[in-house]
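Okay, structure first, notes after.
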Amino acid sequence: MDRTEWYFEYELQYNRPGLLGDISSLLGMLSINIIMINGIENSRRGMLLLSQYDEHIERLKTILDKVDTIKITKLRKPKLRDRLAVRHGKYIHRDTEDRKTVRFVREEFGLLVDFMSELFKSDGHKLIGVRGMPRVGKTESIVAGSVSANKKWLFVSSTLLKQTVRNQLIEGEYGEDYIYIIDGVVSQQRASEQHWQLIREIMQLPATKVVEHPDIFIQSTEYTIDDFDYIIEIRRDENEEITYDSIERKNGSNNYSMFDF
């Protein structure tokens, strides 16, 4: 019989010496293996478990519900954010109103890259938007996530090394192994109709597309924010405001202000 992965998380009510050892011993008696364990925010511990019998997991819950030193907060089949929480010791944070919007600060770069990598590994069409002010690490994290996911990346529009505005792809640049990166500001301000035709063509491919500045991108296309599967926001600190006021005021001119094109 195949063994099943579970995510087990508990909150410490009283952190007495030997508590973790007692829980580990209980897991051992139930023939439940610990794959990974880590401390998580706010006095919590998370574990990835492996069990051959679901009944043993139910028995574990029944026993620990009677223990007053811990409180079970999660016991379920692991989700992506659970795996990342155990790996990095912190949760990714979602917007309270829009659950597909995920927020990171610059110091969480490792967690951010790991999250992107996991998204990039899945096959088929996926549209991801990345918001953030200039030089916060948007393109850097996308490329790093592509490398981690063992995917090729292709700039359809970008200003990373030099200004890139592609009007066509060559043979060999089509495929699910590519992450197509589009800078919404560059495409809006500098692109031709041939470029937009290429973008429409790319959008039909069963591959991942990542759009920097999605709010600017949708102003020139038939797409809306609802078409995005995920919106990733990157800030230097939690209080930084992401704004496009400078872009909108200078739209149509050659002065690109703080975006330094």
Side-chain angles (χ1 to χ4, degrees), residues 1-65 67 69-96 99-122 126 128 137 141-142 144-151 208 229-235 238:
M1 182 177 178
D2 293 335
R3 293 189 293 176
T4 304
E5 281 193 2
W6 292 83
Y7 177 66
F8 169 45
E9 180 187 284
Y10 63 88
E11 185 175 7
L12 295 169
Q13 305 298 303
Y14 172 62
N15 190 15
R16 64 170 176 78
L19 176 60
L20 180 58
D22 291 344
I23 294 175
S24 300
S25 297
L26 175 61
L27 292 170
M29 288 188 287
L30 293 171
S31 300
I32 300 173
N33 297 114
I34 301 175
I35 303 173
M36 189 180 299
I37 182 171
N38 201 354
I40 302 177
E41 302 169 353
N42 302 321
S43 301
R44 297 189 180 191
R45 286 198 181 105
M47 301 183 188
L48 282 179
L49 306 176
L50 200 61
S51 176
Q52 187 172 354
Y53 303 104
D54 292 353
E55 294 82 1
H56 289 185
I57 297 294
E58 290 297 326
R59 192 171 302 167
L60 172 69
K61 183 178 186 304
T62 300
I63 295 171
L64 292 181
D65 277 342
V67 175
T69 51
I70 68 169
K71 176 184 178 183
I72 297 176
T73 52
K74 294 181 178 66
L75 185 57
R76 64 191 183 195
K77 303 291 175 61
K79 301 179 180 180
L80 172 58
R81 66 193 306 261
D82 298 330
R83 297 181 188 277
L84 294 177
V86 176
R87 203 176 300 168
H88 294 273
K90 60 173 61 178
Y91 268 119
I92 60 173
H93 298 285
R94 296 181 182 272
D95 188 286
T96 54
R99 299 297 292 172
K100 69 180 179 183
T101 299
V102 186
R103 294 176 171 175
F104 296 88
V105 293
R106 188 66 176 84
E107 65 181 19
E108 298 173 328
F109 189 76
L111 177 60
L112 167 61
V113 170
D114 215 356
F115 177 68
M116 285 190 175
S117 174
E118 293 298 326
L119 295 183
F120 294 168
K121 288 176 183 177
S122 59
K126 187 178 278 81
I128 302 170
S141 59
I142 297 168
S146 302
V147 173
S148 179
N150 197 28
K151 297 273 189 172
T208 298
D229 299 292
Y230 290 91
I231 298 292
I232 298 173
E233 295 183 348
I234 311 173
R235 292 175 170 82
E238 294 181 358

Fill in: Residues, nucleotides or ligands: over 12 heavy atoms within 6.0 Å of N150 CG
no
Worksheet item: According to the salt bridge (charged side-chain N to carboxylate O under 4.0 Å, His left out) rule, which pairs have a member within residues 13-37, sequence neighbours left out?
Response: R16-D22
Fill in: Working for side chain to side chain contact (heavy atoms under 4.5 Å, CB included), residues T101 and Y230
CA-CA 6 Å; T101 299; Y230 290 91; over 6 Å; no
Report yes if the side chains of [X] and [Y] come closer than 4.5 Å at any heavy-atom pair, otherwise no.
X: I57; Y: K61; answer: no
X: R45; Y: N15; answer: yes
X: L26; Y: L30; answer: yes
X: H93; Y: E238; answer: no
X: Y7; Y: K77; answer: no
X: L119; Y: D229; answer: no
X: I23; Y: V67; answer: no
X: R83; Y: E5; answer: yes

Item to complete: Report the C-alpha distance between I128 and M116 in whole Å, list the side-chain angles of each, state the deciding distance to 0.1 Å, and finish with yes or no for side chain to side chain contact (heavy atoms under 4.5 Å, CB included).
Response: CA-CA 9 Å; I128 302 170; M116 285 190 175; over 6 Å; no
Do you know the tightest heavy-atom contact between [X] and [Y]?
X: S51; Y: H56; result: OG-CB, 4.0 Å
X: R99; Y: R94; result: O-NH1, 2.7 Å
X: G137; Y: F109; result: O-CE1, 4.3 Å
X: M47; Y: V86; result: N-CG2, 4.2 Å

Item to complete: Please name the residue in the list V102, I234, I92 that meets the side-chain contact (heavy atoms from CB on, under 4.5 Å) test with L112.
Response: I234
Discussion item. Tell me which pairs pass side-chain hydrogen bond (donor to acceptor under 3.5 Å, both in side chains) where either residue lies in residues 107-120, with sequence neighbours left out.
Written reply: R87-D114, H88-D114, S117-S148, E118-K121
Discussion item. Could you work out, with salt bridge (charged side-chain N to carboxylate O under 4.0 Å, His left out) as the rule, every residue matching R103, not counting sequence neighbours?
Written reply: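 In terms of salt bridge (charged side-chain N to carboxylate O under 4.0 Å, His left out), with neighbours along the sequence ignored, R103 is linked to D95, E233.
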Worksheet item: Would you say R3's side chain and L50's backbone share a donor-acceptor pair under 3.5 angstrom?
Response: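 Such a contact is absent between R3 side chain and L50 backbone.
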Practice prompt. Check whether any side-chain N or O of T208 sits under 3.5 Å from a backbone N or O of K126 as a donor-acceptor pair, and report yes or no.
Written response: no
[atom1] of [X] to [atom2] of [Y]: how many Å apart, nearest 0.5 Å?
X: K90; Y: L111; atom1: NZ; atom2: CG; result: 7.0 Å
X: L12; Y: I70; atom1: CG; atom2: CD1; result: 8.0 Å
X: S146; Y: F120; atom1: OG; atom2: CZ; result: 4.5 Å
X: N33; Y: L48; atom1: CG; atom2: CG; result: 12.5 Å
X: F8; Y: I32; atom1: CZ; atom2: CD1; result: 9.0 Å
X: L75; Y: Y10; atom1: CG; atom2: OH; result: 13.0 Å

Worksheet entry | Ring geometry between F115 and F104 (parallel below 30°, tilted from 30 to 60°, perpendicular above 60°) | tilted
